[in-house]
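Here's the structure we're looking at; comments come further down.
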Amino acid sequence: MRSYKVNMKKEIKFIPLDYDYFDYNSKNYLKIFGRDEDGKQVCLIDDFEPYFWVILNKDIDEERLEKIKKEIEKLEVNSDTRTTKVEKTSIENKEFLSKPVKAIKIFVTNYKDAHGIADQIDFPEVIARREYDIPLITKYIIDNNMQPLVWKKIAGEILNNSEEFGNIDSSLQVDYVLKAQKIISLDKTKSDSEFKPRIVAYDIETDDFEIGKGEILMISLYGEGIKKVLTSKKCSHKIDYIEYYKDETEMLEAFVKHIKKIKPDILVGYFSDGFDMPYIRARAEKHKVDLDLGLDGSKPFFSRGKLTSASIAGIVHVDLYRFIETVFSQYMQSETLGLDEVAKELIGEGKKNIEWKKPSKLSDDEWKNFFEYNLQDSLITYKLAEKLWPDMLEFSRIIQEPLFDITRQGMSQLVENYILHNLKKFNEIAEKRPLHDEIESRRELGKYEGAYVFQPIPGLYEDIVFFDFTSMYSSVIVTYNLSKSTLLEKKEKDSLEVNLEKEGKVHFTKEPGFFPEMLGNIIEMRKKYKSEYKKKEDNLAKARSNAYKLLANAAYGYQGFFGARYYCRQAAASTATLAKKAILETIEKIKKLDLEVIYSDTDSIAFLRKEKTKKQIEDILEKLNKGMQGIMELELEDFYKRGIWVTKRSSESGAKKKYALIDEKNRMKIRGFETVRRDWCDLARELQSQILELILKEGNEKKALELVKRTIKDLKERKIEREKIMIRTQLKKPLSEYKAITPHVIAAQKMKEKNLPVHIGMLIKYFISETREKKELVREKVKLEDEKGEYNIEYYLNNQLLPAVENILQVFSINIEETISGSKQKTLF
DNA sequence: GGATAGCTGTTACC
DNA sequence: ACCGGTAACAGCTATCC
C-alpha cells in the first residue's frame with residue numbers, strides 16, 4: 001500500500017522572480033521561484049501545455065482540414081527517455097503576418113519534441129509551422145499570464161512530502177512549495193511599490209587574472225544588514241566584518257553557507273558572468289567544494305554562447321555590467337564601463353584606491369587595505385543595483401521576460417521579446433527565428449542607403465537654432481506603416497510606394513500592421529510616462545519612460561537586423577529613405593523662410609536665427625508641424641549663442657559630425673571633435689576643449705592662440721606629465737587576429753610579455769617615446785606607462801596637439817604651423 | 001624609392 | 001551574431017610611376 005498525504009489548500013499573493021522547468025512523466029512543468037506577501041520564499045509548480053501551430057491557407061475546405069487534423073493526431077516521436085504524442089488539436093482562425101489564416105493548434109506531450117513533430121507535418125496545404133522555437137519559459141509566461149515581478153493571486157495546494165513530482169518539495173530549499181491550481185491577475189498598480197527584493201552584492205579578489213589559475217584571496221558580500229569579507233589570508237587586524245578561514249576551501253564553504261542563510265532574491269556582481277562566478281566555480285571544483293547555491297540544490301549553470309551567463313536556480317544572478325552595457329552605456333559620459341567610472345557617474349562613489357602588489361609582498365596593513373578595497377567593490381555594486389533596480393524592474397515588466405534574461409539581452413532581443421509577448425492582442429502567430437542559411441543570405445545583401453548628413457561650410461556662426469524630429473525613425477515606421485507584414489508583393493490601390501536604391505520600387509499597404517501599431521503604442525507610452533515623471537518626481541515612471549524610449553529607438557534597427565524574426569530589409573531601407581525625404585523637405589521649407597540652414601544630420605536641422613525672435617522661431621516650428629505627415633513631429637532642441645564647424649583634415653571641405661556649440665548659459669556641446677574621442681591623449685583633448693571654449697565664449701581667437709603657444713612651449717620643455725600623454729585604445733579582438741599591427745597592438749603584446757592581463761574589450765594604455773635610432777613607424781616607439789623613456793616631442797606636436805587645434809584656428813585664417821615656425825625664426829634672429 | 005590610394009581599425013554621430 | 005547607416009581619421013601596407 002502506498003501512503004499518501006492530503007495536500008493543504010492555500011491561496012497566496014505571489015511575485016514571480018525566477019523561472020525554471022522540469023520534466024515529470026514525460027510532461028513539462030514549471031518551477032517558479034518568488035515570494036509571497038509575507039516575504040516567504042515560495043516555489044510554485046505549474047503545469048504547461050506545450051503546443052505549436054500549423055498554418056494553412058484560409059480558403060482550405062473543411063473536409064480536407066479535418067483530414068489533415070486527423071493525420072496530425074496520429075504523430076508521435078520516440079526517444080530513449082520518453083514518447084511524445086500529439087495530445088490534442090484544435091482549429092482556429094488566426095493571423096499570420098497580419099493576414100487571416102486557418103491554423104491547427106497542436107498540443108504535444110513534451111515541448112522538447114515539438115520541433116520533431118512539426119518536422120513530420122508536410123501536407124501541400126501547409127503554409128508554415130510555427131512557434132516550436134519560442135523558449136519554453138517565454139511561451140509559458142505568454143499563455144499563463146505569469147509575468148515576472150507582477151503580483152499574482154494563486155490558489156493551489158502546498159506540497160508536503162508529496163508523492164507528486166517524485167517528492168520534489170523536499171529537495172527545494174524554500175519556505176513552501178505550492179502547486180498552482182488557479183492564477184488570478186491582480187490590479188497591479190496597488191502593490192507595485194511594495195516589493196523590495198533582497199539584494200546581495202559580491203566580489204572576489206584573486207592573485208591571478210586568468211580564471212581558476214590563481215587562488216581566491218577573499219570574497220566580499222554586501223547587502224542590507226550584510227557586510228562581510230571572507231578570507232583565507234592572515235592579518236592581525238580584528239575587524240568585525242572580516243571572517244578569517246583556514247584555507248580557500250573553508251572560505252568557499254562559508255560563502256555557500258552565507259548565501260544560503262541570507263536567501264537573497266538577487267545576487268549581483270560586476271562582470272561576474274565573466275569573472276567572479278566562473279572563478280568561484282573553478283576553485284570550488286579544484287577543492288571539491290559543493291557549490292550547491294541553487295534552491296533546488298544545483299550548482300551555478302553556465303550557458304554556452306559568445307558570452308557565458310551564470311545562473312543559479314531560484315536566485316537571480318545579475319551581472320550589472322551587462323545590463324549597463326546594453327541599456328545605459330549610450331547615455332553615459334564614462335569612457336569605459338569599468339566599475340569605478342560607472343559607479344562614480346551613477347552613484348557618485350567609486351572604488352577604493354590601492355596599489356596592486358603581489359599578495360606575498362603585502363604587509364599586515366596592506367592586507368587590511370585590500371579587505372577594505374574588496375568590501376568597497378561589493379558596496380558600490382550594491383548601491384548601483386539599488387539605483388538601477390527601477391530600470392531592471394520596469395524592463396522586466398514591460399518586456400515580460402525574467403530579470404535574469406532582460407539584464408543580459410541585447411536591444412534586438414529585447415525588442416523581439418516585447419513583440420512575442422504582445423502578439424496575443426493581434427491574434428498573431430509568431431514568425432520563426434531565421435536559420436543559419438537565411439541569416440547568411442540576409443547578410444550578403446549588404447548595406448542599404450541610410451541617413452542624410454548636410455555638408456557644412458566651415459566657420460564660426462552666431463545665434464543658431466537646432467530643431468530635431470522626435471523619435472524620427474520610429475515615427476516614420478508608424479506613419480508609413482513599414483514592416484514585414486505590411487510589405488506588399490506588388491503595387492496595390494492606395495498602397496505606398498518607396499523607391500529604393502538597390503531593390504527598386506517597394507510597396508506597403510495602408511492596412512495597419514501589428515509591428516507599426518505596437519511601435520505606435522510604445523511611443524505613446526513613452527510620452528505618457530515622460531509627462532508623468534515630469535509632473536512629479538517618480539523613479540518608476542522615469543524608468544518606465546526610459547525603457548519605452550529605448551525600445552522605440554531600437555525598433556528601426558531591429559527590422560534591419562539579419563537575426564530578427566521580423567527582419568525586413570525593405571522596411572528598414574524605406575524607413576531611412578522616407579526619413580531622408582522628410583528632413584530634406586523640412587530643410588527646403590526653412591530655407592524658403594529666408595533662414596540659412598547650416599547643418600543637418602539624420603533627424604536634426606541647424607539654422608541661423610538672424611533677426612528673428614525666439615517667439616517667431618517657435619511659430620515657425622508650429623507651422624512646420626502642422627504640415628507634417630502622421631505622427632511625425634519636429635521639436636525645438638535649443639538655441640545656441642555660437643557654434644563652430646571646421647574643415648576635414650584632408651581637404652578644404654567642411655567636416656561632418658564634428659562641431660561645437662555654446663548655449664546661452666555658456667554650456668558647451670561638443671560633437672565629434674578629438675575632445676570627445678577617448679583614443680586621443682588628454683593633452684590634446686584638454687587643449688582643444690579649452691580653445692573651443694575660449695573661442696565660443698567670446699567669439700575671438702586671440703586668447704586661444706596664446707594658449708596653444710604656451711602649451712607647445714611646455715611640451716617642448718618637457719613639462720607635460722606622463723598621464724597627459726597616455727593614449728588609450730581598445731583591444732577589440734584577440735591579438736592574433738589583427739591584420740594591421742598598430743601601436744595599440746604592439747602595446748598589448750608588450751603587456752602580455754610582462755604577464756599583465758590582456759583581454760578583449762580592454763583599454764590599452766601607451767605613449768610614444770623618443771628613440772635612439774630614427775624609426776619610421778609609430779609602433780616602433782610605443783612604450784607602456786611604467787616604462788622608462790621621454791615622450792616624443794615631434795610626435796605629440798605633429799600627431800596630437802597640432803591636429804587637434806589647426807582646423808579650429810584655420811577658421812580664423814590662422815595657420816598654426818606657420819605661426820609656430822615663424823615665432824621660432826623670430827627667436828632665432 | 002617615395003608618394004599615395006586603399007585598407008584595417010577605432011571611435012564618434014544620430 | 002546578438003540593433004542600423006554615415007563619417008572622420010590614424011596608421012599601416014600594397015601599389016604605382
Side-chain angles (χ1 to χ4, degrees), chain A residues 305-307 309 322 325-326 330 335 408-417 433-434 436 439-440 442-443 446-456 468-469 471-474 477 501 550-564 566-569 571-573 575-577 579-580 583 599-605 637 646-651 653-659 669-680 727-733 737-746 763-764 768 776-782 795 798-800 803-804 807:
Chain A
K306 199 177 180 200
L307 289 163
S309 304
R322 296 187 65 178
E325 190 183 29
T326 49
Q330 52 177 317
E335 282 176 11
R408 287 172 175 79
Q409 284 166 355
M411 280 317 295
S412 75
Q413 274 182 84
L414 292 172
V415 170
E416 187 150 289
N417 278 320
R433 214 183 262 149
H436 185 266
I439 292 177
E440 277 306 298
R442 288 176 181 184
R443 296 189 71 187
K447 290 185 173 189
Y448 52 83
E449 199 183 303
Y452 169 72
V453 189
F454 188 96
Q455 176 62 63
D468 58 26
F469 280 92
S471 313
M472 190 189 211
Y473 279 40
S474 307
I477 293 170
E501 191 95 81
L550 285 161
L551 277 179
N553 289 346
Y556 156 71
Y558 173 81
Q559 293 204 106
F561 168 51
F562 47 76
Y566 292 101
Y567 168 83
C568 183
R569 186 190 155 87
T575 307
T577 300
K580 187 171 177 175
I583 200 120
Y599 191 60
S600 167
D601 185 348
T602 314
D603 60 355
S604 69
I605 303 170
E637 198 259 333
V646 300
T647 63
K648 278 194 279 195
R649 193 92 75 225
S650 54
S651 73
S653 65
K656 297 172 175 181
K657 298 182 186 288
K658 221 176 157 178
Y659 58 92
K669 187 167 161 181
I670 301 176
R671 293 289 121 105
F673 273 111
E674 285 73 10
T675 299
V676 298
R677 293 184 60 95
R678 68 171 183 196
D679 56 348
W680 281 68
I727 298 166
R728 296 168 186 82
T729 314
Q730 194 181 26
L731 200 67
K732 300 257 246 194
K733 52 187 179 186
E737 282 177 27
Y738 278 93
K739 283 183 199 158
I741 309 304
T742 48
H744 85 291
V745 174
I746 295 292
L763 276 191
I764 307 296
I768 305 306
E776 284 307 317
L777 301 175
V778 178
R779 68 173 178 214
E780 293 168 320
K781 306 170 201 171
V782 164
Y795 176 85
N798 295 327
N799 297 49
Q800 294 278 333
N807 293 343

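Here is the naming used below: chain letters follow the sequence lines, and residue numbers restart at 1 for every chain.
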Is [X] reaching over with its side chain to a backbone N or O of [Y], donor-acceptor style, under 3.5 angstrom?
X: R442(A); Y: R569(A); answer: no
X: Y558(A); Y: Y566(A); answer: yes
X: N807(A); Y: T647(A); answer: yes
X: R678(A); Y: E335(A); answer: yes
X: H744(A); Y: L731(A); answer: no

Atom CD of residue position Q455(A) - does it have more than 12 heavy atoms of other residues, nucleotides or ligands inside 6.0 Å? yes

dG9(B), OP1 or OP2 - any side-chain N/O from H744(A) closer than 4.0 Å? no

Does dG9(B) have its OP1 or OP2 closer than 4.0 Å to a side-chain nitrogen or oxygen of K739(A)? no

side-chain contact (heavy atoms from CB on, under 4.5 Å) between Q330(A) and N553(A), worked out: CA-CA 12 Å; Q330(A) 52 177 317; N553(A) 289 346; 5.6 Å; no

Just call it for [X]: base, sugar-phosphate, or nothing, with non-hydrogen atoms closer than 4.0 Å on any strand.
X: Y452(A); value: nothing
X: Y473(A); value: nothing
X: Q409(A); value: nothing
X: Q413(A); value: base
X: L414(A); value: nothing
X: L307(A); value: nothing
X: Y567(A); value: nothing
X: A554(A); value: base
X: K447(A); value: base

salt_bridge(E674(A), K658(A)) N-O dist < 4.0 Å: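 Looking at E674(A) and K658(A), the cut-off is met.
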
Using a strict cut-off of less than 4.0 Å between a Lys/Arg side-chain nitrogen and an Asp/Glu carboxylate oxygen, indicate whether D601(A) and K657(A) qualify as a salt bridge.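 Yes, this pair counts.
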
Which heavy-atom pair separates I670(A) from V676(A) by the least distance, and what is that distance? O-CG1, 3.6 Å

Contact interval (first through last nucleotide) of DNA chain C with protein chain A, 4.0 Å heavy-atom: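 Counting from the 5' end, contacts occupy dA1(C) to dT13(C).
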
P spacing across the pair dG5(C) / dA1(C), given as an integer number of angstrom: 16 Å

Euclidean distance for P, dG9(B) against dC2(C) (whole angstrom):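 It works out to 16 Å between them.
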
Assess the side chains of Y448(A) and E501(A): does a donor N or O sit below 3.5 Å from an acceptor N or O? no

As a quick check of understanding, evaluate side-chain contact (heavy atoms from CB on, under 4.5 Å) for E449(A) and T577(A), giving each step before the final call. CA-CA 7 Å; E449(A) 199 183 303; T577(A) 300; 5.7 Å; no

Check the interface with nucleotides 1-6 of chain B: list each N/O to N/O pair with the protein under 3.5 Å, or write none.
none

Could you give the CG-to-C1' distance, from L763(A) to dG9(B), as a whole number of Å? 15 Å

What's the CG-P distance between L731(A) and dT10(B), to the nearest Å? 7 Å

Let me spell it out: for each of G450(A) and N799(A), pick the nucleotide of DNA chain C with the closest heavy atom. Which residue's pick is nearer the 5' end? G450(A)

Tabulate protein N/O versus nucleotide N/O from nucleotides 12-14 of chain B, keeping only pairs under 3.5 Å, one per line.
unit_1: dA12(B); atom_1: OP1; unit_2: V676(A); atom_2: O; d: 2.9
unit_1: dA12(B); atom_1: OP1; unit_2: R678(A); atom_2: N; d: 3.1
unit_1: dC13(B); atom_1: OP1; unit_2: G672(A); atom_2: N; d: 2.9
unit_1: dC13(B); atom_1: O2; unit_2: K657(A); atom_2: NZ; d: 2.9
unit_1: dC14(B); atom_1: OP1; unit_2: Y659(A); atom_2: OH; d: 2.4
unit_1: dC14(B); atom_1: OP2; unit_2: R671(A); atom_2: NH1; d: 3.3
unit_1: dC14(B); atom_1: O3'; unit_2: D601(A); atom_2: O; d: 3.4
unit_1: dC14(B); atom_1: O3'; unit_2: D603(A); atom_2: OD1; d: 2.1
unit_1: dC14(B); atom_1: O3'; unit_2: D603(A); atom_2: OD2; d: 3.3

